[in-house]
Student: 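Got a structure for you, questions after.
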There are 4 protein chains.
Amino acid sequence: MSDPTTDTPRRSETKHRAILEAAARCVGRDGYAATSIEAVAAEAGVGKQTIYRWWPSKPALFVEVYSALVNRTLLSPDGAMAAAPPGRPVSELLRRLFGLYRSTPAGSILAGLIGAAAEDAQTRAAVRDGLVLGRRSILLDRIRGAAPAGTDRSRMEHVNDLIVSMIWQRLIMAPEDLTDSFADELAQLVDTVGHAR
Amino acid sequence: MSDPTTDTPRRSETKHRAILEAAARCVGRDGYAATSIEAVAAEAGVGKQTIYRWWPSKPALFVEVYSALVNRTLLSPDGAMAAAPPGRPVSELLRRLFGLYRSTPAGSILAGLIGAAAEDAQTRAAVRDGLVLGRRSILLDRIRGAAPAGTDRSRMEHVNDLIVSMIWQRLIMAPEDLTDSFADELAQLVDTVGHAR
Amino acid sequence: MSDPTTDTPRRSETKHRAILEAAARCVGRDGYAATSIEAVAAEAGVGKQTIYRWWPSKPALFVEVYSALVNRTLLSPDGAMAAAPPGRPVSELLRRLFGLYRSTPAGSILAGLIGAAAEDAQTRAAVRDGLVLGRRSILLDRIRGAAPAGTDRSRMEHVNDLIVSMIWQRLIMAPEDLTDSFADELAQLVDTVGHAR
Amino acid sequence: MSDPTTDTPRRSETKHRAILEAAARCVGRDGYAATSIEAVAAEAGVGKQTIYRWWPSKPALFVEVYSALVNRTLLSPDGAMAAAPPGRPVSELLRRLFGLYRSTPAGSILAGLIGAAAEDAQTRAAVRDGLVLGRRSILLDRIRGAAPAGTDRSRMEHVNDLIVSMIWQRLIMAPEDLTDSFADELAQLVDTVGHAR
DNA sequence: TCGTAATCGAGACGGTACGTCCCGTCTTTTC
DNA sequence: GAAAAGACGGGACGTACCGTCTCGATTACGA
């Protein structure tokens, strides 16, 4: 969506970052739905057209904002942990994710994107490509690590779907309930479903 | 939501029904997001204010439209089946539900409502009160009927949540995949999770 | 416009008066333009239809409200004075009229009616019939009394028109300038124009 | 109301003119009261917001429409006449003015504006500033030219007020009577009042 | 004395216009 | 010669009244 090496020349990386950060700030302040492109442009000190030049729509922009937030906070800073998580890797990952949703606008953004996806096919595609498919392995790898030996791949994917669905549902209907204990409850599913039969 | 004994007197039941039906027709034709209150009013041959008089917002209206569609099609007509479903009650219910989503705008409406709920707290409340809480027992009763004896209530509620989450997720991201085989797959969860440990 | 002997039987004279008074109160409080028929009905404790049953429109109602105010305050109470005004009859009448515009909503109502007449032919007719023609002689009689002997009728009517026009213009553009000295200034016209050549 | 140096930069002069012309056309077709901002926008092929961006209200727009009509038709085209009017300058001016009211929507607009001014203080101010004060000298100059030598300024202003009031009253109550003979009658006032005493 | 019919309060109804908001595109001006 | 600033066409929003209409409840006459 904005690979700096792929984008046309002359794009200012400074502006790019300023826009992403302004967008995050706006959502943090006003919420996803109440954030207009105009507001983001003003907040970033940028013309509206500069946003539309690089992103086709508000959801497309925020798919990238969400990615940036998650990448920066969840993965990059201590890549060590990401590479070698402690004993209960699924629960650990979810706790970190929910903490991110509490401390940054990422949760609001994701909820808003899911909402927008429900209403518009193009957004649906952007969300699927940008958020679902590209990030699937992050959780799936940990499920694989935690599942009993011999669990087949499709069952692990099934568990993955269950966990993601539950998170999405809560993100939309009761974001304040994305607690650590809910993370543990979801992590349980790996065993419950993995061991079944 | 429209209890005739609660509504102020003298509401025209004719208009009420005309509006619900017009709303369903509009969503069927244009989709949820592209349906405006103005369009519903025009389709129903009704003044805009007549809609705003009785529903505070578009989502509130469609919560009732959805309820009416589901009640009419899923529950009322052959109450017998509702009362005494055949052998695999969960799968049966879900198949009927998905069939409804394919043959009426109910699926589009629910997806749109979930999307709107993600963006607005008032809608969230309306959806929770009108769609989640009030309808929970429909599925839960069948899960109870299908679960192995001795399964405790909280586990059955957990299964209920899993199934509903999975449905919502698909409704938003891939409505065309709400197939009979997906219904069976979900019904499986009653055993998988119910039997665990 | 509401002759009690002409109106269909059974009309409640109580309501009739209540409506006129409520209307005057509303204009006094909110101004003519901001006064809706709904508000008058509520203020009078009367159904909207009860107003529309007897008056075809808002201006028609207020033509009568204005007449009632002027009749009650300007003419009736001390009819003696009306019959035998002191030395400078025109100036005296205008001072009394301007006082009425300051102490009651009559001025606002007349201004509003003139405004409405400008926008709608029916109102124009109602104003002409109810306010202009019917009341012409009140001022004209006094002009006749004050004009030099031998002044012909058409010249007196011309003076009458001049005075009325000047009042209307001020009523609309600067109602606060309907002062006693303006009354005197207008009364001067009787001599100025009357004596000319 | 539209000084190009005062308006914020980048206003499209094309649209500006298109709106003024569309507004005149609408009033000519439907009358002032029946002309909505929406209709003007549609007629001009312009978004409603483009009108609201530059004029705060319908009367403000039409003050400018009126000015444009009068300037174009009464003053500019043959400036010669404006500079050196023939023998009876007041009568001549009024005849031209009444002709304008007959041949363009200017009369309807002025009547509507006067009506609106009666109902709303803001409009009153707009009319006073835009139509009364700014245009006063057009007539006053001609009165000065026609009045007997030695007539003092305040008396000439008085005559001016009388003439304007009479015109307004007729514009509202009987626009079809703004005839040439009425123009002459009004012009008479210059002598009648000017010579008095 | 009582129907019975019109009037009444209440307010729902189809409509029209309002003035605001934001979308995504287009245009001008500035650096 | 790119980008800020923001004007633009468009379309939906939710509100306010308009004047008409439909309800029972009340009221006041004529039988």
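Reckoned from all heavy atoms, side chains included, excluding hydrogens, waters and symmetry mates. The sequence lines fix the lettering, A, B, ..., with proteins before strands; numbering per chain opens at 1. Quick caveat: nothing in here was measured; it's all calculated off a predicted structure.
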Student: Less than 6.0 angstrom from the centroid, inside 45 degrees of the normal: does Arg11(D) satisfy that with respect to the ring of Trp55(D)?
Tutor: yes
Student: In whole angstrom, give the distance that lies between atom CD of Gln122(A) and atom C1' of dG24(E).
Tutor: 12 Å
Student: Which ones in residues 27-41 of chain B lie close to DNA chain F, meaning a heavy atom under 4.0 Å from one of its atoms?
Tutor: Ser36(B), Ile37(B), Glu38(B)
Student: In terms of the nearest nucleotide of DNA chain E, which residue is placed more toward the 5' end: Ser57(D) or Ala44(C)?
Tutor: Ala44(C)
Student: Would you please name every residue forming a salt bridge (charged side-chain N to carboxylate O under 4.0 Å, His left out) with Glu21(A), sequence neighbours left out?
Tutor: none
Student: Taking only residues two or more places apart in sequence, or in another chain, which ones meet Asp30(D) in a side-chain contact (heavy atoms from CB on, under 4.5 Å)?
Tutor: Ala34(D), Thr35(D)
Student: Measure from CD1 on Ile51(D) to C1' on dT20(E) and round the result to the nearest Å.
Tutor: 15 Å
Student: Looking at residues at least two apart in the chain, or sitting in another chain, which of them share a side-chain contact (heavy atoms from CB on, under 4.5 Å) with Ser108(A)?
Tutor: Val27(A)
Student: My understanding is that only residues two or more places apart in sequence, or in another chain, count here; which of them pass side-chain contact (heavy atoms from CB on, under 4.5 Å) with Glu43(D)?
Tutor: Ala22(D), Arg25(D), Cys26(D), Arg29(D)
Student: Please tell me if the side chains of Tyr32(C) and Pro59(C) come closer than 4.5 Å, counting only heavy atoms from C-beta onward.
Tutor: yes
Student: Whole angstroms only, please: what is the NE2-P distance between His16(C) and dG9(E)?
Tutor: 14 Å
Student: Determine which pairs satisfy salt bridge (Lys or Arg N to Asp or Glu O under 4.0 Å) with at least one residue from residues 112-124 of chain D, sequence neighbours left out, and list them in order.
Tutor: none
Student: With respect to the phosphate group of dC8(F), does any side-chain polar atom (N or O) of Arg53(D) fall under 4.0 Å of OP1 or OP2?
Tutor: yes
Student: Distance-only check: which donor-acceptor pairs under 3.5 Å involve side-chain atoms of residues 46-53 of chain C, not counting sequence neighbours?
Tutor:
unit_1, atom_1, unit_2, atom_2, d
Lys48(C), NZ, Glu38(C), OE2, 3.3

Student: Starting from C1' on dC8(E), measure out to CH2 on Trp55(C) and report it in whole angstrom.
Tutor: 14 Å
Student: Between Lys15(A) and dA2(F), is there a side-chain N or O to OP1/OP2 distance below 4.0 Å?
Tutor: no
Student: Is the distance from OP1 or OP2 of dG9(E) to the nearest side-chain N or O of Thr50(C) less than 4.0 Å?
Tutor: yes
Student: Please list, pair by pair, any protein nitrogen or oxygen found under 3.5 Å from a nitrogen or oxygen in nucleotides 20-24 of chain F.
Tutor:
unit_1, atom_1, unit_2, atom_2, d
dC21(F), N4, Gln49(C), OE1, 2.2

Student: With Ala68(B), which residues qualify under side-chain contact (heavy atoms from CB on, under 4.5 Å), at least two apart?
Tutor: Leu20(B), Arg72(B)
Student: Nearest-Å distance, CG (Asp120(D)) to P (dC18(E))?
Tutor: 14 Å
Student: Taking atom C1' of dC18(F) as reference, at what distance in whole Å does atom CD of Glu119(C) sit?
Tutor: 15 Å
Student: What is the distance, to the nearest angstrom, from the CH2 atom on Trp54(B) to the C1' atom on dC13(E)?
Tutor: 11 Å
